[in-house]
Amino acid sequence: MNVTLEQAQNIIAVAQAKAVEINTKMNIAIVDTGSNLVAFARMDGAWLGSADIAQKKAKTANWFNMDTKALTPLVQPGQPLFNIEHSNGGLITFPGGVILKNASGEIIGAIGVSGSTVDDDHAVATAGAGSL
């Protein structure tokens, strides 16, 4: 099962509302379980360079079946996944990528958010994912 376009658009709307609430501008990407882009939004004034980062955060979360925030400590020097971000055509292993699960707990894709601090990115992604 994959995230639908309707679900993706709703997730983006909730994520955008959270971004407005915390006074930031975000790039928001939704991917399905194959890491194919389902929906994307770049809020007016959001950093152009963050568009790619948002998509890579979503793909990274999806490829490893975990939020990118959980990967962050594992990729530090001396840790088991150090330098993994150089694989798969480039990964983003800091917060802002969150797994999407349906009501049955099955992974149906991921959201990636970029445009502010990693804490803000994670908050906005989590808000979007929570709309499911």
Side-chain angles (χ1 to χ4, degrees):
M1 176 169 249
N2 282 308
V3 62
T4 66
L5 176 59
E6 182 179 351
Q7 289 171 317
Q9 290 170 329
N10 183 58
I11 293 164
I12 286 175
V14 171
Q16 285 178 309
K18 181 64 175 180
V20 169
E21 176 188 318
I22 62 174
N23 194 33
T24 191
K25 299 167 184 157
M26 297 290 193
N27 290 276
I28 305 162
I30 310 293
V31 298
D32 64 17
T33 57
S35 292
N36 302 297
L37 189 63
V38 175
F40 178 83
R42 179 174 168 245
M43 295 174 69
D44 293 340
W47 295 330
L48 183 57
S50 289
D52 180 61
I53 294 170
Q55 292 177 61
K56 285 183 178 172
K57 284 182 182 182
K59 289 178 180 181
T60 301
N62 189 57
W63 285 338
F64 292 93
N65 294 332
M66 69 175 76
D67 295 355
T68 54
K69 184 174 184 176
L71 279 169
T72 302
L74 303 174
V75 300
Q76 301 305 310
Q79 295 305 307
L81 299 180
F82 181 61
N83 278 328
I84 197 170
E85 62 274 7
H86 301 292
S87 70
N88 296 291
L91 302 174
I92 302 291
T93 57
F94 46 85
V98 173
I99 288 296
L100 300 174
K101 294 182 180 181
N102 65 15
S104 302
E106 298 169 299
I107 295 174
I108 59 171
I111 179 174
V113 175
S114 183
S116 184
T117 66
V118 293
D119 291 333
D120 286 351
D121 293 354
H122 183 73
V124 171
T126 301
S131 70
L132 287 172

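Just the heavy atoms: all of them, side chains too, but no hydrogens, waters or symmetry mates, feed the values below. Fair warning: this is a prediction, and the values are worked out from it, not measured in the lab. Counting from 1, the numbers follow the sequence of the chain as shown.
- Minimum interatomic distance between S131 and G128 (heavy atoms only, all atoms of both residues): OG-O, 2.6 Å.
- To the nearest 0.5 Å, atoms CD1 (I108) and CD (Q7) are separated by 4.5 Å.
- Of all non-hydrogen atoms in I11 and A129, the two that sit nearest each other are CG2-N, 4.2 Å.
- Partner of I107 under the side chain to side chain contact (heavy atoms under 4.5 Å, CB included) criterion, out of D32, N62, L100, V3: N62 alone.
- For the residue pair T33/N2, the side-chain donor-acceptor check at 3.5 Å is satisfied.
- When each of D121, D52, D67 is checked for a salt bridge (charged side-chain N to carboxylate O under 4.0 Å, His left out) with K57, only D121 meets the rule.
- Within the model, atoms OG1 of T60 and CG of N65 stand 12.0 Å from one another, a figure rounded to the nearest 0.5 Å.
- Looking at T68, its side chain does come within 3.5 Å of a backbone N or O of F94 through a donor-acceptor pair.
- For the pair K25 and D44, the tightest heavy-atom approach, listed with the atom from each and the gap, is CD-O, 3.2 Å.
- Side-chain atoms of E6 and N10, non-hydrogen and from C-beta on, never get closer than 4.5 Å to each other.
- N83 CG: more than 12 foreign heavy atoms inside a 6.0 Å radius.
- L37 and I28 fall into different hydrophobic clusters, where Ile, Leu, Val, Met, Phe, Trp and Tyr residues are linked whenever their side-chain heavy atoms come under 4.5 Å apart, directly or through other members.
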Step-by-step side chain to side chain contact (heavy atoms under 4.5 Å, CB included) determination, T126 to K69: CA-CA 11 Å; T126 301; K69 184 174 184 176; over 6 Å; no
Check against side chain to side chain contact (heavy atoms under 4.5 Å, CB included), M26 and D120: CA-CA 9 Å; M26 297 290 193; D120 286 351; 3.9 Å; yes
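- If you chain together hydrophobic residues whose side chains sit under 4.5 Å apart, V20 and V124 fall into the same group.
- Listed here is the closest heavy atom pair of Q16 and A41: NE2-CB, 3.9 Å.
- With F40 as the fixed residue, the side chain to side chain contact (heavy atoms under 4.5 Å, CB included) test singles out one of N27, I12, V31: N27.
- Listed by chain and number, the hydrophobic cluster partners of L71 are W63, F64, M66, L74, V75, L81, I84, L91, where partners are ILVMFWY side chains within reach of under 4.5 Å, directly or through others.
- Taken to the nearest 0.5 Å, the CD1 atom of I22 stands 7.0 Å off from the OG1 atom of T117.
- Residues I99 and M1 do not share a hydrophobic cluster, defined by chaining ILVMFWY side chains whose heavy atoms lie under 4.5 Å apart.
- The two atoms that bring A110 and A61 nearest to each other are CB-CB, 4.1 Å, heavy atoms only.
- Smallest separation of non-hydrogen atoms from A29 and A58: O-CB, 4.0 Å.
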Stepwise side chain to side chain contact (heavy atoms under 4.5 Å, CB included) check, H122 with V118: CA-CA 6 Å; H122 183 73; V118 293; over 6 Å; no
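- The hydrophobic cluster containing V98 also contains V38, counting ILVMFWY residues as joined when their side-chain heavy atoms lie under 4.5 angstrom apart, directly or transitively.
- A heavy-atom distance below 4.5 Å is found between the side chains of I111 and I30.
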